[in-house]
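Structure first, commentary second.
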Amino acid sequence: MTVLVTGGAGFIGSNFVLDWLARHDEPVVNLDALTYAGNLGNLGSLRGDARHVFVKGDICDRALVDGLLAQHRPRALLHFAAESHVDRSIHGPGEFMRTNVTGTYTLLEAARAHLATLGDAERAAFRFVHVSTDEVYGSLTADAPAFTETHAYEPNSPYSASKAASDHLVRAWHHTYGLPVLTTNCSNNYGPYHFPEKLIPLMIVNALAGKALPVYGDGLNVRDWLYVRDHCSGIRAVLDQGRVGETYNIGGWNEKTNLEIVRTVCALLDEMRPDPAGPHARLITFVKDRPGHDRRYAIDVRKIERELGWRPAETFDSGIRKTVQWYLEHAEWVARVQSGAYRDWVAQHYGAR
Ligand code: NAD
Ligand code: DAU
């Protein structure tokens with residue numbers, strides 16, 4: 001048995017691959033284009049491990065995907081690959097349409113063709129798990145109930161619109177062609193290997209460097225935070241026990257304003273790495289708001305709790321403490337990301353292949 005993961009060198013994908021192989025020996029074929037967000041150094045501990053087959057390539061490359069499905073005959077395709085940063089989507093939406101929409105379409109078509117070549121048992125066991133986001137539901141007012149799986153799609157950014165489009169394709173390929181799909185819509189993740197363009201890692205690395213901590217607008221936008229390994233366990237639960245054709249929301253019941261997040265990070269750094277110049281919160285700087293900035297996300301996770309028995313292992317307090325600690329212990333990872341040296345990893349470690 002084998003699974004095919006896309007985007008397994010990114011933040012969530014690499015956590016997923018590491019957790020997967022720590023739990024059992026089922027091999028992972030990892031297809032990743034290694035964009036700026038892909039960092040094979042995240043998977044350095046798997047170097048030489050035959051259970052991890054890394055393939056540098058694009059999910060839009062149909063011939064490549066067809067070849068991987070035919071060669072490895074995975075029992076599941078877990079689709080993480082995406083352009084994932086909202087701010088980048090505002091500056092340049094094109095790549096989001098290509099990877100998130102065309103890339104998902106390419107994978108769906110490749111999976112559909114592949115399924116037609118399988119015997120009954122293999123076809124019945126196959127799963128296509130599409131990893132998506134709560135941002136497809138749009139923005140909530142302060143006291144509106146949290147997003148359930150039946151909430152209308154109201155994406156507001158080019159990123160969330162591209163993910164919404166991909167969710168619709170996945171749904172249609174199930175409805176029309178019977179493709180055995182499952183979709184997850186998760187809230188904001190945080191944890192190890194998070195690229196420091198996103199709020200939490202950016203605040204940690206800037207605070208450590210004594211740089212400004214840029215808070216958009218009034219800092220009162222609300223996100224619902226989940227430790228990344230809890231997201232990974234939710235995806236495994238959906239793969240193992242989810243009902244084909246269903247969508248599952250995943251979240252942590254942890255609504256926080258951005259200011260609360262930044263102040264928590266500052267307080268933990270004050271405790272773990274005090275700055276002689278003063279409390280880290282002195283660096284908080286309010287900056288121009290993100291255009292179209294969604295005010296609030298909140299995820300109702302009762303469906304996955306009820307149907308699949310999934311629960312997060314971390315509270316926000318335990319997860320954020322582990323995260324800050326991880327960044328303090330991985331200064332070299334941060335330095336290589338900031339200098340761009342992480343992009344040499346492939347040449348250094350895979351050059352001979
Ligand atoms: P990321 O940006 O850290 O990683 C994306 C990975 O996909 C990178 O390794 C990149 O190299 C790869 N990739 C990009 N374009 C590709 C292409 N055309 N072909 C092959 N590989 C390509 O993203 P992430 O934060 O790990 O998010 C993973 C998935 O989870 C995404 O689908 C995202 O929408 C979803 N998601 C993320 C969050 C979050 O908080 N980060 C929350 C919910 C859902
Ligand atoms: O909700 C799930 C989504 O969470 C995922 O689908 C996305 O891939 C992921 O990037 C994340 O999107 P956000 O836009 O919520 O995450 P980001 O870390 O970019 O921003 C979190 C909040 O912090 C948001 O309200 C904007 C704000 N922010 C962000 C940055 C980078 C700041 O105030 N300052 C900053 O410098």
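What's counted below: heavy atoms across the whole structure, side chains too, no hydrogens, waters or symmetry copies. In what follows, residues are counted from 1 in the order of the sequence shown. Every number for a ligand or one of its atoms is a count from 1 in the order of the listing.
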Under 3.5 Å between any N/O of [X] and any N/O of ligand 2: does that happen in this structure?
{"X": "Pro214", "result": "yes"}
{"X": "Asp87", "result": "no"}
{"X": "Tyr216", "result": "yes"}
{"X": "Glu135", "result": "yes"}

With distance as the sole criterion, is a donor-acceptor pair present between the side chains of [X] and [Y] under 3.5 Å?
{"X": "Trp225", "Y": "Glu314", "value": "no"}
{"X": "Tyr297", "Y": "Glu135", "value": "yes"}
{"X": "Thr183", "Y": "His130", "value": "no"}

Counting heavy atoms only, which part of [X] comes closer than 4.0 Å to ligand 2: side chain, backbone, both or neither?
{"X": "Ser187", "value": "backbone"}
{"X": "Leu199", "value": "both"}
{"X": "Val86", "value": "side chain"}

Looking only at protein heavy atoms, which one is nearest to [atom], and how far off is it?
{"atom": "atom 27 (C) of ligand 2", "answer": "Asn258 ND2, 3.4 Å"}
{"atom": "atom 7 (C) of ligand 2", "answer": "Ser84 O, 3.4 Å"}
{"atom": "atom 4 (O) of ligand 2", "answer": "Asn188 ND2, 3.1 Å"}
{"atom": "atom 5 (C) of ligand 2", "answer": "Tyr159 OH, 3.6 Å"}

Is it possible for you to check whether [X] lies under 6.0 Å from the centre of the six-membered ring of [Y], through NZ or CZ, and within 45° of that ring's axis?
{"X": "Lys198", "Y": "Phe11", "answer": "no"}
{"X": "Arg336", "Y": "Tyr342", "answer": "no"}
{"X": "Arg88", "Y": "Tyr36", "answer": "yes"}
{"X": "Arg290", "Y": "Tyr216", "answer": "no"}

| request: Return the option from Arg290, His293, Glu197 holding the heavy atom at the smallest distance from atom 19 (O) of ligand 2. | output: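 The option holding the nearest heavy atom is Arg290.
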| If you round to the nearest 0.5 Å, how far is CG of Leu226 from CG of Asn189? |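 So the gap between those two atoms works out to 5.5 Å.
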| Does ligand 2 have an atom under 4.0 Å from some heavy atom of Lys163? |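 Under 4.0 Å: no for Lys163.
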Atoms of ligand 2 close to [X] [distance to a heavy atom under 4.0 angstrom, numbered from 1]:
{"X": "Lys198", "result": "10 (O), 18 (O)"}
{"X": "Asp134", "result": "1 (O), 2 (C)"}
{"X": "Thr133", "result": "1 (O), 2 (C), 3 (C), 5 (C), 6 (O)"}
{"X": "Val215", "result": "33 (O)"}
{"X": "Leu202", "result": "36 (O)"}
{"X": "His85", "result": "19 (O)"}

| Donor-acceptor contact below 3.5 Å, side chain His194 vs main chain Tyr190 | no
| task | For the pair Tyr137 and His151, name the ring-plane relationship: parallel under 30°, tilted 30 to 60°, perpendicular over 60°. | result | perpendicular
| query | Under 30°, 30 to 60°, or over 60°: which ring-plane class applies to His52 and Phe54, parallel, tilted or perpendicular? | reply | tilted
| field | Salt-bridge present (Glu255, Arg296; N to O < 4.0 Å) | value | yes
| Taking NZ, NE, NH1 and NH2 as the nitrogens, is one of them in Glu305 or Arg302 under 4.0 Å from a carboxylate oxygen of the other? |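 No salt bridge links Glu305 with Arg302.
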| message | Taking the side chain as everything from C-beta on, heavy atoms only, tell me whether Trp333 gets closer than 4.5 Å to Asn42. | response | yes
| said: If the criterion is any heavy atom closer than 4.0 Å to an atom of ligand 1, which residues make the list? | reply: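 Gly7, Ala9, Gly10, Phe11, Ile12, Asp32, Ala33, Leu34, Thr35, Ala37, Gly38, Gly57, Asp58, Ile59, Phe80, Ala81, Ala82, Ser84, Arg98, Thr99, Val131, Ser132, Thr133, Tyr159, Lys163, Cys186, Ser187, Asn188, Asn189.
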| query | Among Leu46, Val17, Leu43, whose side chain to side chain contact (heavy atoms under 4.5 Å, CB included) with Val28 holds? | reply |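 Considering Leu46, Val17, Leu43, a side chain to side chain contact (heavy atoms under 4.5 Å, CB included) with Val28 is found only for Val17.
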